[in-house]
Amino acid sequence: MHSSRSIWGKITNYVNIKIGKSIHGEENERLKIEFETELCRRFHIRYPIFLAGMAGGPSTVKLTASVSNAGGLGTLGAAYMEPAAIREAICEIRKLTDAPFGVNLFVVHASDDNSRIVEVQRELNQIRDVLGISHADKEGVTSPDLFEKQFAVVLEEKVPVISTAFGVLPEPLMQQAKLAGMQVVAMVTTVQEAILAQQAGCDAVVAQGSEAGGHRGTFDISIHPMGANVGTFALVPQIVDRVTIPVIAAGGIMDGRGLVAALALGAQGVQMGTRFLTAIESGAHVSYQQALLESTEESTVLTKAFSGRPARGIGNEFIRKWDASGIDPLPFPTHNTLTRDIRNAAAIQKNADYMSLWAGQGTRMLTSGQHAADIVAQTMQQALSIFS
Ligand SMILES: Cc1cc2nc3c(=O)[nH]c(=O)nc-3n(C[C@H](O)[C@H](O)[C@H](O)COP(=O)(O)O)c2cc1C
């Protein structure tokens, strides 16, 4: 058995502890210790903390820039944004920070499947009745080359980091990103996916454990219909042992304890999503934030009911009604398009029972009313306190 001393010794193989300036920039007495991993050096960030790109509302320009300014890597979740809106957001982020930041996209080739549209719309219409909104019978239509157009903007803007979910950049796009000097990160849920990402040329992988909020990053859901669901503690070291690129741990990491644990498992950083949902700069709807703050470690479920792809969120009436119907959702992105009017109406009505409340399993560790920069600083200080 290792003594605790030798465990810390192992951690410090990954973590270079240095004395520097105050974490808040105060010049005088306070000292800080930087956790500078190889990931930090390669991505030019002070702290090994990535903000998850959180598409569909929670991600904002201010949240992204705040995390980058605080020394982490802010990431804009741009998967549902039109290319012009992505360009505008990148421009706004650059006005707020000189630090590196990332843009996150879904690698999807959006071919719609409307094969069971009548059955699915009939069920959704019953939910529309509850919210008092008009019935729909239309097919879900997604712009077929949305991903390519989104990527083109990110490339033209030479964003420092591009990260992807649901797969890796196709080869020509990977080459273009590399030629433009961008760092490329893919989110993975198995060792096999991590190896594929490394072979494809990724500079780092996010190892997403099953505790994570939001969509499962699993590449091929025809093999894993509910996503690969390995816990963060089991997944991270197994990936670390089999790839040479830096591994970033994600899923249930909410504070400095999680950061230190992830580093002990061999990760070189963490990606946190849920932790930032209640930050002042978060775009998460107020009713969603309230549901998060009232939730427990048992509140979330894995569901395909909102989007057709497995995702973790707080269980609510929409999910219960959909499950009770016994109907399979249509595949992503079609089902996601079909439920959009319902989610939008629920947001207007401040009715969290019909919104998608994506969240990880660590929600009891959430706080409200904190700036994103304070969350970064607090995480680092807490990690530091474990060593003192
Ligand atoms: C509200 C929400 C939205 C998310 N959206 C995305 C996304 O657009 N792209 C992505 O790669 N990951 C997304 N994720 C997953 C994160 O990348 C990450 O795996 C997860 O947040 C880590 O677990 P945690 O939520 O417990 O911190 C999302 C997570 C949440 C909570």
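Count residues from 1 along the sequence. All values below come from the heavy atoms of this structure, side chains included, with hydrogens, waters and symmetry mates left out. Order of appearance sets the numbers: ligands from 1, and atoms from 1 within every ligand. Computed from a predicted structure; not experimentally measured.
- The structure places CG of L357 at 11.0 Å from OG1 of T363, a figure rounded to the nearest 0.5 Å.
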List the steps and the verdict of side-chain hydrogen bond (donor to acceptor under 3.5 Å, both in side chains) for S210 and R216.
CA-CA 8 Å; S210 60; R216 303 298 306 139; 5.7 Å; no
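- At a 4.0 Å cut-off, at least one heavy atom of A52 sits close enough to ligand 1 to count as contact.
- Backbone and side-chain nitrogen or oxygen atoms of G213 are examined, and one is located within less than 3.5 angstrom of a nitrogen or oxygen of ligand 1.
- Residue contacts with ligand 1: M272 is placed with no nitrogen or oxygen under 3.5 Å of a nitrogen or oxygen of the ligand (distance criterion only).
- At a heavy-atom cutoff of 4.0 Å, ligand 1 is contacted by no atom of A79, backbone or side chain.
- The N/O atoms of T274, backbone and side chain alike, include one that comes under 3.5 Å of an N/O atom in ligand 1.
- Under a 4.0 Å heavy-atom criterion, R275 is not in contact with ligand 1.
- An N or O contact shorter than 3.5 Å links A55 to ligand 1 by distance.
- Contact annotation: for Q208 versus ligand 1, heavy atoms closer than 4.0 Å belong to the side chain alone.
- For the ligand labelled ligand 1, residue F106 lies inside the 4.0 Å heavy-atom shell.
- Atoms of ligand 1 found under 4.0 Å from any heavy atom of G251, numbered from 1 in the order shown, are 22 (C), 23 (O), 26 (O).
- In this structure, F318 and W322 have parallel ring planes: the angle between them is below the 30° cut-off, well short of the 60° mark.
- Across every non-hydrogen atom of T142 and T337, the tightest pair is OG1-OG1, 3.6 Å.
- Scanning the protein heavy atoms around atom 17 (O) of ligand 1, the nearest turns out to be Q271 NE2, 2.9 Å.
- Across the listed options A186, G273, A284, G273 owns the non-hydrogen atom lying nearest to atom 21 (O) of ligand 1.
- Remark: T232 engages E211 in a side chain to side chain donor-acceptor pair (under 3.5 Å) (not counting sequence neighbours).
- Residue G252 has at least one N or O atom closer than 3.5 Å to an N or O atom of ligand 1.
- Two residues are said to be in side-chain contact when any heavy atoms from C-beta on lie closer than 4.5 Å; Y354 and K321 meet this criterion.
- Note that CD of Q121 and CG of L330 are 8.5 Å apart. Values are rounded to the nearest 0.5 Å.
- The side chain to side chain contact (heavy atoms under 4.5 Å, CB included) test applied to E119 returns R116, I327, not counting sequence neighbours.
- How far OG1 of T379 is from CZ of F35: 11.0 Å, rounded to the nearest 0.5 Å.
- When heavy-atom distances to ligand 1 are checked against a 4.0 Å cut-off, F166 has no atom that comes that close, whether in backbone or side chain.
- For atom 30 (C) of ligand 1, the nearest protein heavy atom (residue, atom name, distance) is M54 SD, 3.7 Å.
- Taking the centre and axis of the six-membered ring of F166, the NZ or CZ atom of R309 falls inside the cone set by 45° and 6.0 Å.
- Counting only heavy atoms from C-beta outward, the side chains of L76 and M81 approach each other to under 4.5 Å.
- When only interatomic distances are considered, the shortest N/O to N/O separation between Q361 and ligand 1 does not fall below 3.5 Å.
- Counting only N and O atoms by type, the side chains of E171 and Q175 include a donor and acceptor under 3.5 Å apart.
- Between G53 and ligand 1, at least one pair of N/O atoms sits closer than 3.5 Å.
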Should R312 and T300 be marked as a side-chain hydrogen bond (donor to acceptor under 3.5 Å, both in side chains) after you check the CA-CA gap, both sets of side-chain angles, and the distance that decides it?
CA-CA 6 Å; R312 181 176 294 286; T300 67; 3.0 Å; yes
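- Residue contacts with ligand 1, taken as heavy atom pairs separated by less than 4.0 Å, involve N104 solely via side-chain atoms from C-beta onward.
- Under a 4.0 Å heavy-atom criterion, F276 is not in contact with ligand 1.
- Atom 1 (C) of ligand 1 has as its closest protein heavy atom Y288 OH, 3.3 Å.
- Those atoms of ligand 1 with a heavy atom of A212 less than 4.0 angstrom away are 19 (O), 20 (C), 22 (C), 23 (O), 26 (O).
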